[in-house]
Structure formats: C-alpha cells, structure tokens
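Take a look at the structure below.
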2 protein chains.
Amino acid sequence: METILPKFDSVFSIDCVIFGFQANELKILLIERNEEPFKGWRALPGYIVKKDESIDDAAERILYELTGLRDLHMEQFHTFGDVDRHPQGRVITIAYYALIRIDVQKELKPVTNIAKSAFWYPVNELGKLPFDHAKVFETGFQKLRRRLGYQPIAFELLPEKFTLTQLQTLYEAILNKKLDKRNFRKKMLSYGFLKELDEKQKGVSYRAAKLYRFDRRKYNKIFQNELSING
Amino acid sequence: METILPKFDSVFSIDCVIFGFQANELKILLIERNEEPFKGWRALPGYIVKKDESIDDAAERILYELTGLRDLHMEQFHTFGDVDRHPQGRVITIAYYALIRIDVQKELKPVTNIAKSAFWYPVNELGKLPFDHAKVFETGFQKLRRRLGYQPIAFELLPEKFTLTQLQTLYEAILNKKLDKRNFRKKMLSYGFLKELDEKQKGVSYRAAKLYRFDRRKYNKIFQNELSING
DNA sequence: AAGATAAGGTGTAATTTTTACACTAAGTAA
DNA sequence: TTACTTAGTGTAAAAATTACACCTTATCTT
C-alpha cells in the first residue's frame with residue numbers, strides 16, 4: 001500500500017550527524033519522522049534549505065527546529081547527490097556533523113512538527129535508516145575517526161572535567177580498538193594541553209580518579225603545528 | 001555598464017579543480033569563459049548539474065564539455081552555498097578535484113562554446129578569479145596538501161616513469177617547502193612501492209638519473225594500512 | 001576491622017623512526 | 001682536460017613508539 005506523493009523540483013537539503021558520548025557509548029542524534037515518506041521512522045535530522053539562507057545557516061536552523069539544539073559548531077563533510085536518493089524528486093543533501101556534550105540540561109524537543117521527537121541513539125544499534133542515511137552516517141563516522149587522529153576533538157564530547165580513563169574509553173569507542181593504558185596516558189599528558197585539577201571523580205564505588213580539564217590555549221598551539229610536515 | 005541578466009531558480013553546479021604538474025610547476029586547469037557573467041575571464045571549469053544525472057556523473061560530463069578531458073577520477077571535496085555567490089540567483093556548487101598527468105597527447109579543447117578555451121595555469125599566478133573560485137581553489141589546494149600526507153597521490157601527477165628528484169620537486173611544490181634529499185629518498189624507497197627500472201632519464205645535459213615506476217599493487221597494501229592508529 | 005573487589009596510577013628497556021648533515025660519482029659541454 | 005651540473009649515498013644522535021605488570025587507593029561486604 002503506497003501513498004502517492006507529489007513530485008517536487010530540484011532542492012537542497014541538509015542532514016546532520018551529531019555525535020555524543022553517554023554511558024561509555026558513542027551515540028548520534030536521531031529524530032522520529034512525522035512526515036511522509038518514512039513517517040514514523042528513525043532518521044537523521046534533516047530538512048530543506050530555504051532560498052535566502054546559506055547552507056551553514058540552514059544547517060543550524062534545521063538542527064534547531066528538529067531537535068531544539070542550538071549554537072553548536074557544525075561542519076560540512078560531504079554532499080550526496082544520487083538521482084534517486086529521494087523518492088519525491090531530485091534532492092541533493094549536504095551532510096554536516098558536529099560533536100557535542102550530551103547534557104541532561106539540554107532538552108531535546110523539536111520546535112516544528114516535522115519531527116515527532118529527538119533522542120540519542122547508540123551508533124552500534126542504528127538498524128535501518130531511511131533514504132541513504134546509513135551511507136551518510138557511515139561517511140560521517142569515518143570522517144570523525146580520521147579527524148580524531150589529527151585533532152584533539154574528543155574533548156568536545158566529554159564533560160568539562162573528565163578522567164583519563166573516560167578519555168581513553170572514548171578514543172576506544174571511536175576507533176573501535178583497545179589502547180594501552182600507560183602509553184595512552186603518557187602520550188596525552190605529553191601534549192601538555194591537559195590541566196590536572198585538584199579534584200577527584202565523585203560517586204564511584206572504587207578509588208576515585210583525578211579530573212582533568214582541556215586547556216584550549218595550549219591546544220591551539222599544537223593545532224597550529226598540526227599541518228607541518230617533515231622537511 | 002552592466003548587462004542585465006535573467007534570474008534563475010535554485011540550481012546545483014559543479015566546479016572542478018584539476019591539478020597537473022608541468023615544467024616543475026604545479027598547475028590547474030582553467031577555461032576562458034564565453035558566457036556572461038564574467039565573460040572572457042579565466043575561471044575554474046564549472047557548469048550546471050542536470051536534473052537526471054548524479055553529481056558525480058555531472059562532474060565528469062562538465063569537465064569533458066568544457067575542456068575535452070575524460071576518464072579521470074574526480075572526487076568531491078567541498079560544497080559552497082553562500083546565498084550571494086552567484087549574481088544571477090541561488091547556485092550551490094559542489095567542488096571536485098582530480099590529479100592528472102599533463103600530457104601533450106591530451107588536447108585541451110572545449111566541446112561546447114560555454115568555454116572559449118581551456119589551458120593549464122600555474123597555481124602561483126592565478127590572479128583574480130570570478131565568483132568564489134579563489135576560495136574554491138584554495139580549499140581544494142589545502143585538501144591536496146593534506147591528502148599528500150597520507151596517500152601517495154603524487155604519482156598521479158607524474159609521468160609513468162620518473163626520477164626521484166622529480167618526485168621530490170613535486171612534493172616541494174605542493175608542500176611549498178624544501179625537503180632533505182637523502183631523507184626523502186630513504187623514506188620513499190622504504191615504502192617499497194617504487195620499482196627501479198633499467199632505464200635512465202634522457203635528453204639532459206648532465207648525469208642522467210635512474211627512472212622509477214609506481215607499483216600500484218604494493219601501494220594498495222600500504223594504503224590499506226593507512227587508517228590504522230597506534231594501539 | 002578485615003578482606004574482597006575494582007579501578008587508579010605508575011616506569012623502563014628495546015625498537016623504530018626521524019632528523020641533521022657533506023662529499024664523491026657520473027655524464028655532458030666547452 | 002677541465003669545468004659544470006646533478007645523481008647518488010651513510011651514519012650517528014635524538015625522538016617517538018611499543019610492549020609489558022604490579023602496587024595503591026577507595027569502597028563495599030561480612
């Protein structure tokens with residue numbers, strides 16, 4: 001039983017792959033669609049770009065409208081333009097990604113009724129996604145993995161104060177690979193952009209770990225050098 | 001004296017940044033525009049995507065029509081979507097890049113009259129370009145530079161048989177940086193994907209250098225490992 | 001309060017990779 | 001034959017990476 005849908009002209013859309021880290025799991029932000037096609041499905045937050053807004057602005061607006069989240073730094077990572085990727089006509093989508101701290105404060109609540117709800121969902125349990133969203137997600141995940149290797153982006157996913165074990169667990173989740181504890185710590189600390197705090201973890205039923213904070217100033221120094229290649 | 005131009009609806013376009021290496025200089029492929037706006041200007045080869053073709057197909061077609069070049073592997077690298085980037089209306093452009101051997105055999109000859117001509121132009125002498133083409137080029141160049149660090153793409157720019165000095169000169173042109181001859185050779189040879197030939201350079205008025213060929217099978221092995229990160 | 005449990009935290013030696021550095025060899029041209 | 005130009009080569013020091021295991025500290029249980 002298929003619904004008959006109107007055809008539309010060429011349009012641009014935005015899809016967002018927003019990463020978060022919660023309960024030692026890597027998650028992305030999904031919505032439940034409230035529109036055909038794929039009404040009721042879990043999908044990446046995405047919608048159509050207006051004629052009078054830049055694609056970067058559109059990405060921000062669409063994410064906000066569909067999830068209630070604002071003011072995060074999104075970055076474009078790929079454009080998907082197969083002819084038949086949308087059943088209703090030609091839709092080229094520009095995919096954006098961002099990393100954010102999952103925070104109980106930040107309520108997820110769509111402000112349009114294009115989405116029924118928005119929620120965090122583990123990347124390992126995505127199941128079937130509509131359109132080419134599986135491919136979009138996979139491309140974004142690869143981008144994240146690669147970028148982790150040359151930019152210390154992990155801190156955007158962690159709470160402001162974190163333990164080295166949390167940091168390591170996050171790296172392991174993104175890279176899908178076990179890392180050596182001593183070497184990991186040695187390396188991370190050697191960069192010099194982690195500030196050790198006079199505080200310890202709370203609420204754990206074992207020896208509490210020291211907390212660290214990310215020092216953006218020192219990070220920037222290292223990031224500047226990042227492009228340099230040996231001569 | 002401004003020409004009055006028709007406004008058009010939202011459209012997608014493709015722009016191409018095609019790199020080549022000639023006379024020890026890094027060059028890109030430009031066309032002379034034969035259409036308003038910017039008629040007569042040097043510009044990146046670019047045009048509008050048709051409704052019934054994927055963006056990848058469009059990129060190939062457009063490059064062919066504007067320059068006569070075919071069958072090169074292009075890859076998307078960024079999408080430019082500012083509202084006012086095109087004077088006639090909303091045009092979002094998807095930028096592609098490729099590396100090719102500049103070859104006297106391959107004639108540059110537009111097959112439409114959208115372009116008056118096509119030619120190689122040194123990246124260091126680009127001057128003013130129309131639209132946001134300067135930004136498009138710069139982004140593509142950065143992408144090239146970065147990619148050189150993790151994929152042996154230099155061989156796509158060199159003739160099939162090349163000397164180590166040519167290879168080094170190319171690296172230096174892309175990275176804009178002098179490299180140490182002994183260390184460069186040691187490193188390149190250590191990868192094991194360069195095959196030393198029983199041939200020497202010809203036509204030089206000094207000691208001829210050995211020629212090498214790139215061994216794609218071994219390259220693939222190394223490229224497979226490329227994503228691995230220390231554990 | 002003693003013991004069990006669970007994660008926190010630490011150092012070293014071997015190996016590999018990177019860096020800095022300068023002269024002789026070979027071919028061509030005058 | 002000599003001058004010129006680029007080809008081609010090795011080594012030692014420094015830095016980065018890897019592999020690897022045990023004691024410490026806090027909490028919870030009995």
Side-chain angles (χ1 to χ4, degrees), chain A residues 21 23-25 148-152 158-159 161-173 175 177-213 221-222 225-231, chain B residues 23-25 148-150 152 158-159 161-173 175 177-213 221-222 225-231:
Chain A
F21 189 60
N24 284 344
E25 263 191 319
L148 188 70
Y150 62 84
Q151 285 183 15
L158 291 171
K161 301 171 184 180
F162 52 85
T163 70
L164 291 179
T165 300
Q166 284 166 357
L167 183 60
Q168 184 176 342
T169 307
L170 173 56
Y171 266 78
E172 291 177 340
L175 301 176
K177 180 178 193 173
K178 281 275 162 209
L179 302 173
D180 179 87
K181 183 157 75 164
R182 275 179 292 190
N183 292 340
F184 181 81
R185 285 164 180 241
K186 202 189 325 178
K187 185 118 193 246
M188 278 297 159
L189 293 173
S190 78
Y191 288 129
F193 55 55
L194 294 183
K195 187 176 164 66
E196 184 180 330
L197 303 176
D198 285 334
E199 245 176 298
K200 297 205 163 177
Q201 206 176 16
K202 273 170 193 151
V204 289
S205 68
Y206 46 79
R207 173 178 179 184
K210 281 183 206 157
L211 289 171
Y212 289 80
R213 181 198 304 273
K221 269 192 212 163
I222 287 155
N225 296 337
E226 187 269 317
L227 287 172
S228 83
I229 295 184
N230 312 318
Chain B
N24 283 344
E25 262 192 322
L148 188 69
Y150 61 86
L158 291 173
K161 300 172 186 181
F162 52 85
T163 71
L164 291 177
T165 299
Q166 284 166 357
L167 183 61
Q168 182 177 344
T169 308
L170 174 56
Y171 266 77
E172 291 177 340
L175 301 175
K177 181 179 192 171
K178 281 273 165 212
L179 302 173
D180 179 87
K181 182 157 76 164
R182 274 179 292 190
N183 291 340
F184 180 81
R185 286 165 178 241
K186 202 187 329 176
K187 185 117 193 248
M188 278 300 158
L189 293 174
S190 78
Y191 288 130
F193 55 54
L194 293 184
K195 187 175 166 63
E196 184 181 330
L197 303 176
D198 285 335
E199 246 176 297
K200 298 207 162 176
Q201 208 177 15
K202 272 171 194 150
V204 289
S205 68
Y206 46 81
R207 176 178 178 184
K210 279 183 208 160
L211 290 170
Y212 290 79
R213 181 199 304 274
K221 270 192 210 162
I222 288 154
N225 295 338
E226 187 272 314
L227 287 171
S228 84
I229 295 182
N230 313 319

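Just so we're on the same page: letters track the sequence lines, and every chain starts at 1.
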Length of the line joining [X]:[atom1] and [N]:[atom2], which is rounded to integer Å:
X	N	atom1	atom2	answer
Lys187(A)	dG11(C)	NZ	C1'	18 Å
Gln166(B)	dT6(D)	CD	C1'	13 Å
Asn183(B)	dA22(C)	CG	P	13 Å
Leu167(A)	dG9(C)	CG	P	13 Å
Phe184(B)	dC21(C)	CZ	C1'	18 Å
Tyr191(B)	dT17(C)	OH	C1'	11 Å
Arg185(B)	dT19(C)	CZ	P	18 Å

Is it the case that dT25(D) (base atoms only) and Lys200(A) (side chain only) share a donor and an acceptor within less than 3.5 Å, ignoring hydrogens and angles?
no
Kindly state which residues belonging to residues 203-213 of chain B come within less than 4.0 angstrom of DNA chain C, counting heavy atoms of the residue only, listed by number.
Val204(B), Ser205(B), Tyr206(B), Arg207(B)
Nearest non-hydrogen partners of Lys161(B) and Glu199(B), listed with the distance
NZ-OE1, 2.9 Å
Shortest non-hydrogen contact from Asn183(A) to Asp180(A)?
N-OD2, 2.8 Å
Decide yes or no for [X] and [Y]: does some side-chain heavy atom of the first lie under 4.5 Å from some side-chain heavy atom of the second?
X	Y	result
Leu158(A)	Tyr212(A)	no
Tyr171(A)	Leu167(A)	yes
Thr169(B)	Phe162(B)	no
Pro152(B)	Tyr191(B)	no

The answer to which of Leu164(B) and Lys186(A) contacts DNA chain D further toward the 5' end, by nearest nucleotide, is Leu164(B)
Nucleotide nearest [X] when distance is taken to its side chain, options [options]:
X	options	answer
Lys181(A)	dT10(C), dA19(D), dG10(D)	dT10(C)
Arg182(A)	dG8(D), dA22(C), dT10(C)	dT10(C)
Asp180(B)	dT9(D), dT11(D), dC21(C)	dC21(C)

Base, sugar-phosphate alone, or nothing: which one does Thr163(B) contact when heavy atoms must sit under 4.0 Å apart?
nothing
